Amino acid sequence: ETGVTQTPRHLVMGMTNKKSLKCEQHLGHNAMYWYKQSAKKPLELMFVYNFKEQTENNSVPSRFSPECPNSSHLFLHLHTLQPEDSALYLCASSQHDRSGANVLTFGAGSRLTVL
Amino acid sequence: QKEVEQNSGPLSVPEGAIASLNCTYSDRGSQSFFWYRQYSGKSPELIMSIYSNGDKEDGRFTAQLNKASQYVSLLIRDSQPSDSATYLCAVTSGNTGKLIFGQGTTLQVKP
């Protein structure tokens with residue numbers, strides 16, 4: 001496996017379900033991100049982890065719960081979602097350095113549909 | 001005012017023409033600028049980065065940056081149907097270093 005892999009690629013869930021999205025990066029990067037991409041809207045940053053520590057929570061509702069057990073794995077736990085949460089969820093990684101010029105490598109995304 | 005603004009398009013150009021994609025940003029402290037390409041149903045992939053004023057060329061792609069005007073553009077020469085995609089402009093925040101994306105411009109290259 002190379003790059004950034006996300007599973008599942010597609011997920012359909014009811015509003016009362018609990019599910020998780022998984023992301024794994026094989027690039028040796030030290031930062032990982034969750035983005036939400038909805039139709040006709042810019043990519044929205046949700047969470048950032050640097051060296052396994054959460055450094056950004058962009059006012060995301062608590063029904064989204066991230067977990068970063070190590071610098072290669074990132075999860076997004078989903079609970080009691082709403083239909084408006086249906087979107088493409090993208091995981092990305094980067095090598096965070098002092099210049100701040102982080103180049104992101106994205107995974108293929110998990111397409112979530114909430115019924 | 002949006003932090004990073006792009007015309008959503010679609011921008012339609014004939015095969016072989018030059019496609020010009022534009023992006024403006026609001027944060028004068030921004031230092032790093034990126035263009036990502038996203039094919040339908042796929043994830044964004046980096047195609048160009050630029051950090052200083054002027055032009056940067058890579059094959060058929062040229063990125064142009066004008067920090068005084070807070071403007072960054074991407075030119076695609078000899079456009080091909082395979083260039084049809086959504087192009088996302090991304091700019092780092094001067095304060096946080098966070099990457100802010102525009103909504104993207106859809107490019108259609110017609111044979």
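First the proteins, then the strands, lettered A, B, ... as listed; each starts at 1. Side chains included, hydrogens not; waters and symmetry mates left out as well; all remaining heavy atoms used. For clarity, every value in this text was computed on a predicted model and none was experimentally measured.
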So how far is it from Tyr36(B) OH to Phe106(A) CZ, rounded to the nearest 0.5 Å?
5.5 Å

Verify the cluster assignment for Met15(A) and Tyr89(A): are they in a single hydrophobic cluster under the rule of side-chain heavy atoms below 4.5 Å apart?
yes

Indicate, with yes or no, if Tyr35(A) and Leu81(A) share a hydrophobic cluster defined by side-chain heavy-atom contacts under 4.5 Å among Ile, Leu, Val, Met, Phe, Trp and Tyr.
no

Please say whether more than 12 non-hydrogen atoms of neighbouring residues, nucleotides or ligands are located less than 6.0 Å from NZ in Lys67(B).
yes

Using heavy-atom distances under 4.5 Å, tell me whether Leu99(B) contacts chain A through its side chain, its backbone, both, or neither.
both

State yes or no: do Val4(B) and Ile47(B) share one hydrophobic cluster built from I, L, V, M, F, W and Y residues joined by side-chain heavy-atom distances below 4.5 Å, directly or via other members?
yes

How many angstroms lie between atom CD1 of Ile100(B) and atom CG of Leu43(A), to the nearest 0.5 angstrom?
11.0 Å

So which of Thr105(A), Leu90(A), Leu104(A) actually passes side-chain contact (heavy atoms from CB on, under 4.5 Å) with Ser43(B)?
Leu90(A)

Side chain, backbone, both or neither: which part of Glu44(A) has a non-hydrogen atom closer than 4.5 Å to chain B?
neither

To the nearest 0.5 Å, tell me how far Lys42(B) NZ sits from Leu88(A) CG.
12.0 Å

When every non-hydrogen atom of Lys41(A) is compared with those of Gln103(B), the smallest separation belongs to C-CB, 4.2 Å

Report yes if the side chains of Pro42(A) and Leu88(B) come closer than 4.5 Å at any heavy-atom pair, otherwise no.
no

Just to be sure I understand the criterion: a residue of residues 107-115 of chain A counts if one of its heavy atoms is under 4.5 Å from a heavy atom of chain B. Which ones qualify?
Gly107(A), Ala108(A)

Any link between Leu11(A) and Phe47(A) through a network of hydrophobic side chains (Ile, Leu, Val, Met, Phe, Trp, Tyr) touching at under 4.5 Å?
yes

Show the nearest heavy-atom pair for residues Phe34(B) and Val103(A), with the distance to one decimal.
CE2-CG2, 3.8 Å

Do the side chains of Val13(B) and Leu21(B) join up, straight or via other hydrophobic residues, at under 4.5 Å, putting them in one cluster?
yes

